[in-house]
Number of protein chains: 2
Amino acid sequence: MKKVTLNDIAKKVGVSKTLVSLVVNGKARGYGISGQTCDKVMAAVRAYGYNPNQTARSLRTGMSNTLGLIVSDISNNFYASLARQLEDLAWELGYNMIIGSTDESVGKELKLLEIFRNRQVDGIILSSSQQNPTELENLVKSGFPLVLIDRYFPTVPIPSAVVNNKVGGELLAQHLLNQGFRNPVVLSLTPSYISSVAERVEGFVSVFENAAIHTEVHNIPFLCLVDMVEDFFTTRLHDKNMPDAVFAVNNNLATATLRACHVHNIVIPKDIALVCFDELPYFDFSKPSITSIRQPVAELCSVAFSLLQGQITNNGETKPGHVEMMPVELLVRESSTQISDNNGWRSP
Amino acid sequence: MKKVTLNDIAKKVGVSKTLVSLVVNGKARGYGISGQTCDKVMAAVRAYGYNPNQTARSLRTGMSNTLGLIVSDISNNFYASLARQLEDLAWELGYNMIIGSTDESVGKELKLLEIFRNRQVDGIILSSSQQNPTELENLVKSGFPLVLIDRYFPTVPIPSAVVNNKVGGELLAQHLLNQGFRNPVVLSLTPSYISSVAERVEGFVSVFENAAIHTEVHNIPFLCLVDMVEDFFTTRLHDKNMPDAVFAVNNNLATATLRACHVHNIVIPKDIALVCFDELPYFDFSKPSITSIRQPVAELCSVAFSLLQGQITNNGETKPGHVEMMPVELLVRESSTQISDNNGWRSP
DNA sequence: CTGAAAGCGCTTACAG
DNA sequence: CTGAAAGCGCTTACAG
């Protein structure tokens, strides 16, 4: 089952490969190729089911019409949403997406970066787990189209699309303060240097600090998140050292916290308040509903995508250090509000 | 910033491209190339940071080390999980994954199939939205490695990895019957011919039919699912024609149903029971917890992957019609059990 | 308006 | 043990 090639078509029609290529690529007009010839060629293309071999085309043109997406875990709801939105944007412009998950491993991230580049992807959108991204900096300097999404490096000039995580943390803290909570704990992630995580924590902690309240920050390793969160509550219950509020810095930690509270019969918000980053589909109807920070996922993706497009087509001025920071939205719900009945949450 | 090529290295070292290629690909041994030569070559490879151009390699070998994954929506929790598991399996064997979402559009599915093939992917894992998959059949006949996942065609011989959806539907129906529910409604999906959906519904309906109970099946269009589910309940409430149980055939419908019930102040399971297919992270701790069918996602993926591998390497006998059907698990929870207190659900 | 030729960067018989 | 040559399937100056 050999595939039909350009050469096959050229022979069948009795013209040159050049001609067929030009017609197939819609450049007939530009070269003044006669309508008749065009029709003959296209008829053969259809008749024999010719499809250009993209690999050959890539090798020749140096463009692959492929974009790489690297995140920590594509099955995480947040990254899955990013992937879908980016895929759609890419599709509009004739790109396909190749994906890779790193599990926060810098080694795997670097490997994926290299592999994707060897595959001649036209650009990469990356949510990096690195701390000192010299390779990334060099990549950008070399002119390779790269944009960071969700996480960036404040001191390293790489085009980035992120949200204002610090303000998100502040909004949650201020809300908890207003509600009268005075003994919060932050459930955060290892590695804790990741900008999104660090800034959420920073914003949160600073607000309480201003109110002369110290916030304990608990870093949970990425890979055994569910168990570690449960252990945290087990220990605290045993030590009779429970916080009155928990800030889960991402959706996975929020879900893990809800599960742990369920296991330990901790009632939200009666026993403890919960606020978190990232909006999950069930947060607005669960009992209790969950106070969260909604990230503007669609905007994040379209900004990231146009930053990448800008680099690929090299249109406009190239600003290597352009960081686009989008606002977030606080959604106050039942999980963090003082309660009004004996069930531990408000009636609907 | 030109990339270093094989030729560059050959020149630097003063040997032929053949030699460098052999060494780089670890075939030095097989061709009895001297250790000295190997070392010299590898030193240069490292010194100049040479990485083989995969596109050129693909064109030459006809293999791309890329696998395609096509599903209806990569942001759906179920497909995102599939993607992640498959990505890991692929990674182990040196493959990368290119993904595409169809939104149940047959046209987009066919386009993606064609594009992926033109990109010389070594194989495709597909959750198809088609009804009459002649193209797929031809593809398989032509020897192209294709395996169906999640959805298959009972009468068309294409290697497939699916779960026993019929039994899943039966288990849920039998459970509801046992609990005393007699007036169920199925919230299903358009297109309703999709095997997974059709078999879930079939299993469910047949059990109630055996008990002389007619089950109404409501097909919800894929794209406006949330609104349509809410409309469904609005209408039924208005008509005072509420079912006593709902079977949501997938995770999105389950979430939409929960949201609609929340909006309409319908209390589960007091006012209505809910059972569904697909396990979501919050189903076991939500209030109420949700009765669901858990699919063996990991097994599904590893079976699909080895079916694909079998075709790619052409090892063992090629059984075009091999359908692997895996068992599912019923998880009985609060959303479908008769209640014991006045809150509408059991206390933890 | 159309074709012959070069070349993208590899791998792989083939020859020695 | 090593190299020259062909060729994967395209695109694109270049020539006419």
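Order of the sequence lines sets the chain letters (A, B, ...), proteins ahead of strands, with each chain counted from 1.
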In residues 143-150 of chain B, what donor-acceptor pairs under 3.5 Å come from side-chain atoms, sequence neighbours left out?
{"from": "Asp150(B)", "atom 1": "OD2", "to": "Tyr79(B)", "atom 2": "OH", "distance (Å)": "2.8"}
{"from": "Asp150(B)", "atom 1": "OD2", "to": "Ser127(B)", "atom 2": "OG", "distance (Å)": "3.3"}

Taking C-beta and beyond as the side chain, do Thr66(A) and Gln54(A) meet within less than 4.5 Å on heavy atoms? no
Partners passing side-chain contact (heavy atoms from CB on, under 4.5 Å) against Ser34(B) (at least two apart in sequence or in another chain): Gln36(B), Thr37(B)
What residues form a side-chain contact (heavy atoms from CB on, under 4.5 Å) with Glu137(A), not counting sequence neighbours? Lys141(A), Val156(A), Pro157(A)
Atom-pair distance (CG on Leu6(A); P on dG7(C)), nearest Å: 19 Å
To the nearest angstrom, how far is Asn7(A) atom CG from dG7(D) atom P? 12 Å
Rounded distance in Å - CG (Leu59(A)) to C1' (dG7(C)): 9 Å
For residues 73-84 of chain B, which residue pairs qualify under salt bridge (Lys or Arg N to Asp or Glu O under 4.0 Å), counting only residues two or more places apart or in two chains? Asp73(A)-Arg84(B), Arg84(A)-Asp73(B), Asp103(A)-Arg84(B), Arg84(B)-Asp88(B)
Please output the side-chain donor-acceptor pairs of residues 6-13 of chain A that fall under 3.5 Å, not counting sequence neighbours, one pair per line with the distance.
{"from": "Asp8(A)", "atom 1": "OD2", "to": "Thr5(A)", "atom 2": "N", "distance (Å)": "2.8"}
{"from": "Asp8(A)", "atom 1": "OD2", "to": "Thr5(A)", "atom 2": "OG1", "distance (Å)": "3.4"}

For DNA chain C, write out the stems as range with range, using runs of 3 or more consecutive Watson-Crick or G-U pairs with both distances under 3.5 Å. C:1-3 with D:14-16, C:5-12 with D:5-12, C:14-16 with D:1-3
Give, ordered by number, those residues of residues 36-51 of chain B having at least one heavy-atom distance below 4.0 Å to an atom of DNA chain C; if nothing qualifies, reply none. Tyr50(B), Asn51(B)
For Asn118(B) and dC8(D), give me the distance from atom CG to atom P, rounded to whole Å. 18 Å
List the residues meeting salt bridge (Lys or Arg N to Asp or Glu O under 4.0 Å) with Glu299(A), not counting sequence neighbours, and say none if there are none. none
Just to verify, what does Glu104(A) make a salt bridge (Lys or Arg N to Asp or Glu O under 4.0 Å) with, not counting sequence neighbours? Arg151(A)
Assuming nearest nucleotide by heavy-atom distance, tell me which of Thr61(B) and Gly35(B) is located more 5' along DNA chain D. Gly35(B)
List the atom pairs, with distances to 0.1 Å, where a side-chain N or O of residues 105-116 of chain A and a protein N or O form a donor-acceptor pair under 3.5 Å, not counting sequence neighbours.
{"from": "Ser105(A)", "atom 1": "OG", "to": "Gly107(A)", "atom 2": "N", "distance (Å)": "3.3"}
{"from": "Ser105(A)", "atom 1": "OG", "to": "Lys108(A)", "atom 2": "N", "distance (Å)": "2.9"}
{"from": "Lys108(A)", "atom 1": "NZ", "to": "Ser101(A)", "atom 2": "O", "distance (Å)": "2.9"}
{"from": "Glu109(A)", "atom 1": "OE1", "to": "Ser128(A)", "atom 2": "OG", "distance (Å)": "3.4"}
{"from": "Glu109(A)", "atom 1": "OE1", "to": "Ser129(A)", "atom 2": "N", "distance (Å)": "2.6"}
{"from": "Glu109(A)", "atom 1": "OE2", "to": "Ser128(A)", "atom 2": "OG", "distance (Å)": "2.6"}
{"from": "Glu109(A)", "atom 1": "OE2", "to": "Gln130(A)", "atom 2": "NE2", "distance (Å)": "2.9"}
{"from": "Glu114(A)", "atom 1": "OE2", "to": "Asn51(B)", "atom 2": "ND2", "distance (Å)": "2.9"}

Whole Å only: how far is the CG atom of Leu22(B) from the P atom of dA4(D)? 14 Å
In whole angstroms, how far is the P atom of dG9(C) from the CZ atom of Arg57(A)? 18 Å
Just distance, no hydrogens or angles: give the donor-acceptor pairs under 3.5 Å from side chains in residues 20-27 of chain A, sequence neighbours left out.
{"from": "Ser21(A)", "atom 1": "OG", "to": "Asn25(A)", "atom 2": "ND2", "distance (Å)": "3.4"}
{"from": "Asn25(A)", "atom 1": "OD1", "to": "Arg57(A)", "atom 2": "NH2", "distance (Å)": "2.6"}
{"from": "Asn25(A)", "atom 1": "ND2", "to": "Ser21(A)", "atom 2": "O", "distance (Å)": "3.0"}

Rounded to the Å, how far apart are Ile33(B) CD1 and dG16(C) P? 19 Å
Answer yes or no: does a side-chain N or O of Ser58(B) lie under 4.0 Å from OP1 or OP2 of dC10(C)? no
Any residue in residues 10-20 of chain A with a heavy atom nearer than 4.0 angstrom to DNA chain D? Just list them by number, or reply none. Lys17(A), Thr18(A)
For the backbone of Ser64(B) and the side chain of Asp122(B), can you confirm whether one donor and one acceptor N or O come within less than 3.5 Å of each other? yes
Nearest-nucleotide pick for Asn53(A), side chain only, options being dC10(D), dG9(C), dT12(C): dC10(D)
